[in-house]
Protein chains: 2
Amino acid sequence: MRSIGALGKATNTKVETIRYYERIGLLAPPQRTDGNYRTYDDEALARLSFIRRSRDLGFSLDQVRALLSLTDQGTQDCKTVDRIARDHMAEIERKIADIIALRHELSTMIESCGGGNISECRIIEALSPFDN
Amino acid sequence: MRSIGALGKATNTKVETIRYYERIGLLAPPQRTDGNYRTYDDEALARLSFIRRSRDLGFSLDQVRALLSLTDQGTQDCKTVDRIARDHMAEIERKIADIIALRHELSTMIESCGGGNISECRIIEALSPFDN
DNA sequence: TCTTGACCCTGTAGTTGCTACAGGGAGCAT
DNA sequence: ATGCTCCCTGTAGCAACTACAGGGTCAAGA
């Protein structure tokens, strides 16, 4: 059994975040000590680790919730898990395409600017709606 | 002169967003009609277009505010504009590196999963903290 | 003329995923 | 007894919008 601070350290999670996960129902309310402190067992540690790893991989809290409920059911419904993961992957691919296009636009814009204190700023021009 | 709805259509911006920009001081409060409707001139259109284009390129509202104040001053301080743009570019590069690493992790995880209704789900395993 | 419908107004609350207090209590060391 | 670190609840804040609720305005059609 460990305190919320210890759990936070073990999972690299802020104490407030753990309480937040409890509040939104991702983590079950843990047992309390006489002094009303939360105490966590190894299962809670495993669950929070799972949540954090999923979050690190970019899953939304809703997706994490779905993944958790699938593992809670113990049905090992790999098809559904796979779909969630693949959906997420597709979104990541979209984001990559978007951000790379954006980088291209940005770099074109920046390159067209000499960078000095000139009277006509190409960056501002590039952002402006009309040719002036 | 155009209504807020017309301005929204012209700049692909929701009406609520325009009012929001006004509330946070990005857009000046426009003139009103007798019926208390906002009316926008071409300058407002140009300004909102600038904001939207900057936002599309991923600049934060704070960055947009800085860029706008630079253009408002008319000093054409290209050095500062360039710095803002380059800072933003560096952040984009960081994000690209992060998301590509993430894609790699995700795809490795997904590939290790057959995708059927098997008793052991590799994705869940990959997300779990302990080998089971 | 009346009515319908599209638009507009203000103000507030919700979204995501936390984070940061404020104002207090618990527990341990000195 | 005092200080210190941790913990508690509850609420408000962040970005950048978005979505109402509960009304007012205005132009067109029957």
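Since we're looking at a predicted model, the values are computed, not measured. Chain naming here is simple, since letters A, B, ... match the order of the sequence lines and numbering starts at 1 in each.
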Which whole-number value in Å describes the distance from [X] [atom1] to [N] [atom2]?
X     : N      : atom1 : atom2 : value
A:I18 : D:dC6  : CD1   : C1'   : 13 Å
B:N12 : D:dC17 : CG    : C1'   : 14 Å
A:R52 : C:dG17 : CZ    : C1'   : 10 Å
B:E16 : D:dA21 : CD    : P     : 13 Å
A:D34 : C:dG27 : CG    : P     : 7 Å
A:K9  : D:dT5  : NZ    : C1'   : 10 Å
B:K14 : C:dT15 : NZ    : P     : 17 Å
A:F59 : C:dT16 : CZ    : C1'   : 17 Å

Taking only side-chain N and O atoms of [X], does any of them lie within less than 4.0 angstrom of OP1 or OP2 on [N]?
X     : N      : value
B:S3  : C:dC7  : no
A:R55 : C:dC18 : yes
A:R19 : D:dC8  : yes
A:R32 : D:dT9  : yes
A:Y20 : C:dT16 : no
A:R38 : D:dT9  : yes
A:R65 : C:dG17 : no

Notebook entry, point to check: Starting at the 5' end of DNA chain D and moving along, which residue's nearest nucleotide shows up first, B:T33 or B:S60?
Noted result: B:S60
Notebook entry, point to check: Which residue lies toward the 5' end of DNA chain D, B:N36 or A:R23, if each is placed at its nearest nucleotide?
Noted result: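 The residue closer to the strand's 5' end, by nearest nucleotide, is A:R23.
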Notebook entry, point to check: In Å, rounded to the nearest 0.5 Å, how long is the span from CG of B:L48 to OG1 of B:T11?
Noted result: 4.0 Å
Next item on the list: Give the nucleotide from the list D:dC17, D:dC7, C:dC18 with an atom nearest to the side chain of A:I4.
Entry: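 Nearest to the side-chain atoms of A:I4, counting from C-beta on, is D:dC7.
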Next item on the list: Under 4.0 Å between any heavy atoms, over every strand shown, what does B:Y21 touch: base, sugar-phosphate, or nothing? Just pick one.
Entry: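 Sugar-phosphate, no base atom in range.
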Next item on the list: Would you check if the side chain of A:R52 reaches a backbone N or O of A:R47 as a donor-acceptor pair within less than 3.5 Å?
Entry: no
Next item on the list: Without swapping roles, check the side chain of B:E111 against the backbone of B:T108 for a donor-acceptor pair under 3.5 Å.
Entry: no
Note to self: Minimum heavy-atom separation for A:H88 and A:F59, please, with both atom names.
What the structure shows: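 For A:H88 versus A:F59, the nearest heavy atoms are NE2-N, 3.6 Å.
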Checklist line | Residue pair A:S60 / A:R55: nearest heavy atoms and the distance that separates them | finding: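 Looks like CA-NH1, 3.7 Å.
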Margin query: Would the base of C:dG25 count as contacting A:Y37 through its side chain, where contact means a donor and an acceptor less than 3.5 Å apart?
Written below: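 Such a pair exists between side chain and base.
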